[in-house]
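Have a look at the structure below before the remarks.
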Amino acid sequence: MDNARRLQYLEAMGIDVWIPKIVMQPAQSSLLAIESNSIENPVQCVEPDFQDAENWDALQTEVATCIKCSLCETRNRTVFGSGNKNADWMLIGEAPGQNEDLQGKPFVGSAGLLLTEMVRAIGLAREEIFITNIVKCRPPGNRNPKPDEIESCGDYLQRQRMLIKPKIILAVGRVAAQTLLKTDEPLAKLRGKVHSLENTPVVVVYHPAYLLRSLLDKRKAWMDLQLAVHTYKNVEG
Ligand code: URA
């Protein structure tokens with residue numbers, strides 16, 4: 001990604017970037033260092049092995065035909081998740097909204113656009129990562145998913161995690177963070193730290209729908225993303 005493009009993404013996130021008069025050498029810029037993993041050099045998407053492919057198909061069919069909770073009565077489409085099935089990065093949001101319910105894809109509304117910009121700002125393309133939600137069907141009126149709905153969908157998410165084996169998980173927003181980390185702590189206490197879910201590091205980030213309303217927290221969101229990049233680099237070794 002060229003520098004001008006990156007600055008555009010950061011600007012869209014409300015992040016001011018200080019540009020020194022002396023032009024930095026790429027190696028001196030930590031932001032540019034992140035670009036070593038940039039979308040111009042996308043991670044090779046390796047096809048899952050045969051067994052995994054069968055498991056993926058079975059799981060996708062189960063989700064598409066799920067009637068485990070009452071959300072199946074009001075949904076238009078299930079939203080399984082999308083992206084690279086061998087992703088190092090797995091992003092987990094809360095639940096599909098109206099656009100997602102109509103299109104069957106996660107994060108395609110205005111919050112999705114911002115999420116896409118957020119990941120691009122750290123040098124990743126959507127196709128490189130896997131994005132899904134805690135629950136796979138839209139709660140009516142975009143209310144928070146209820147505990148029994150989260151419970152019913154838990155097995156699907158667990159199996160997705162087992163198949164993808166991500167190196168890092170981003171919990172996007174409070175509901176995702178509290179569900180994955182099995183805690184009632186507020187998001188403010190959960191962000192800014194590296195948690196662990198069965199030995200996979202979990203970094204909590206603000207939900208983009210919240211960031212669209214709260215300009216002031218966009219800077220903190222950028223710090224969270226940098227923590228995630230730093231954590232990923234450590235895991236990768
Ligand atoms: N919000 C979410 O948490 N997930 C989506 O897929 C869309 C909006």
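Just follow the structure's listing: the first ligand is 1, and inside any ligand the first atom is 1. This chain uses plain numbering: 1 for the first residue, then up along the sequence.
The aromatic rings of Phe107 and His207 lie tilted to each other, with the angle between the two planes from 30° to 60°.
Between His207, Gln103, Lys136, it is His207 that holds the heavy atom closest to atom 1 (N) of ligand 1.
Judged by a 6.0 Å distance limit and a 45° cone about the ring axis, Lys68 is positioned over the six-membered ring of Tyr156.
The neighbour count for Glu185 CD, taken as heavy atoms of other residues, nucleotides or ligands under 6.0 Å away, is above 12. Residue Met162 qualifies as enclosed at atom CE: its count of foreign heavy atoms under 6.0 Å is above 12.
Every atom of ligand 1 with a heavy atom of Pro106 under 4.0 Å away is listed here by number and element: 6 (O).
In this structure, the side-chain hydrogen bond (donor to acceptor under 3.5 Å, both in side chains) partners of Asn76, at least two apart in sequence or on a different chain, are Asp101.
Nearest to atom 2 (C) of ligand 1 among the protein's heavy atoms is Ala95 O, 3.1 Å. Atom 4 (N) of ligand 1 has its closest protein heavy atom at Asn133 OD1, 2.8 Å.
Contacts between Glu94 and ligand 1, counted as non-hydrogen atom pairs separated by less than 4.0 Å, involve both the backbone and the side chain.
Between Ala111 and ligand 1, no pair of N/O atoms sits closer than 3.5 Å.
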